[in-house]
Amino acid sequence: MSKERLYLFDTTLRDGAQTNGVDFTLEDKVVVAEMLDKLGIDYVEGGYPGANPTDDAFFDTKRTNRAVFTAFGMTKRAGVSLSNDPGLRALIDARSDAICFVAKTWDYHVRVALGISEEENLRSISESVAAACAAGKEVLLDCEHFFDGYKANPDYALACAKAAYDAGARWVVLCDTNGGTLPEEVETIVSEVGKVIPGDHIGIHAHNDTEQAVANSLAAVRAGARQVQGTLNGIGERCGNANLTSLIPTLLLKPAYADRFEIGVDEDRLAGLSNLSHRFDELVNRASNRQAPYVGASAFTTKAGIHASAILKDPRTYEHVPPEKVGNRRHVLVSDQAGKANLLAELGRLGIAVARDDHRLDSLLREVKQREGRGYSYEGAAASFELLARRTLGEVPAYFDVRQFDVNVEHRINALKERVTVSLAVVKVRVGDEELISAAEGNGPVNALDQALRKDLGVYRDAIADLELVDYKVRILNGGTGAVTRVLIESTDASGDSWFTVGVSENIVDASFEALTDAIVYKLVRDGVPATTM
Ligand SMILES: [Zn+2]
């Protein structure tokens, strides 16, 4: 039985750009379009030509190879002729393959927000779609507020969709603009629309305001829709859009969909999905959601000892899909509850072979428990755990030795009569036969220390050039006089990977320093950098 084709439409660069705190530059847009194109997305919606200089420049050139490059904009304004509408002109002139028009399909919005008659709105839809088709574009119509409009006046909402389809639109996209529709309603309404417009011309555009955007998209597919719109990592206004990063693996790995449908993403590309999701977060400068389905750092993480030992025997006992299918990995937390089973499972995942009766396993377990008693937490700091394990097994080269450091915090009034605080750090490191001294300023003691330490690590300087500290968290444990500080640092580099390291001390600078050096050593070990002889 041949499979039906399901099309994926990405609106990260258009609807996703409405996300609070996200602001794409032209360069960002070029990178994201390329990521989506390579992933196998069928349509990449790039923005709104005619609306701002960034989008104008973005639509100067076609930005995709494989995907249909799509421009977004309004249908023709009522009361002006086609040739006198500059918005429509900009859309037609853009170097896109397709135009996605947005039009109101809720009679109440047509009357109140647009202040035009229902007939005028229908005419504007037909004329705009026909004009874009005549200009050689593939045309889509986003039916804004379709589900709410359908509930208020089904005949009018359907008439709008039908007007676009009859005028030559390839796709009529049903939008749950307010995101309040539930899956059962979506399924019923899409089935009704399917009686008037063939399903392979119907798309779904769901927002996530009741956390149903993915479920609503799947409901629409079950009801016959054959185009799914969404964004990377589900970004978007308010609670976001349907999350393509969750939808893609579901469509490819769950038999209910995988057996029936074919999408543009293949298994090879799917295996790069976790990395793509994290690279995208990096690009928009957001911390990755650890609990994101399929791609989150915790998506295949197990804590309790009993689960861990079962996972070790057969991963299928606690996993709904194999993590490597989406480029993620199994992770068994090393915690107070850890037994030997946890530890073995975790070492296995790290590719460290140790026999169950190896005595070093007992000393590592003792060491982990002892450190956890002192405030270390390896649950959130897998890189530090890996270093500890490899050190116990004698697998970590002695890269460098920090002999001394000095941090100075100065609060003063500068020449502009402003109060400023400046930190200066000096680090003395031994690398091989060399003794290196570097100094650096920073906006705080830890920042200055980080800068100074990385400034000159001699032969390793190039190897850590792309290392970047992305997050720094401090926790004070136990309160009172016995207080200790735990510092957790997230680092990343050009590979897009990120890793977490931990440091614990009564002194915040010491704790930070420990986590910083772990971050550097972890990168050197992971990249297989050889140590210079000391
Ligand atoms: Zn939307």
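Whatever order the structure lists ligands and atoms in, that order sets their numbers, starting from 1.
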His205 ring center near Phe147 ring center (under 6.0 Å)
no
For N/O/S atoms only: which one belongs to His205 and is nearest the Zn ion (ligand 1)?
NE2
With the Zn ion (ligand 1) as the point of reference, which N/O/S atom of Asp15 is the closest?
OD2
Heteroatom test (N, O or S) for Cys175 near the Zn ion (ligand 1), limit 2.8 Å:
no
Check whether any N, O or S atom of Asp142 sits under 2.8 Å from the Zn ion (ligand 1).
no
Among all residues two or more places apart in sequence or in another chain, which pass the side-chain hydrogen bond (donor to acceptor under 3.5 Å, both in side chains) test with Glu211?
none
Could you walk me through whether Trp171 and Phe9 pass the ring-ring contact (aromatic ring centres under 6.0 Å, His included) check?
CA-CA 11 Å; Trp171 294 101; Phe9 182 108; 9.2 Å; no
Could you tell me if Arg170 sits above the aromatic ring of Tyr43, with its cationic atom closer than 6.0 Å to the ring centre and no more than 45 degrees from the axis?
no
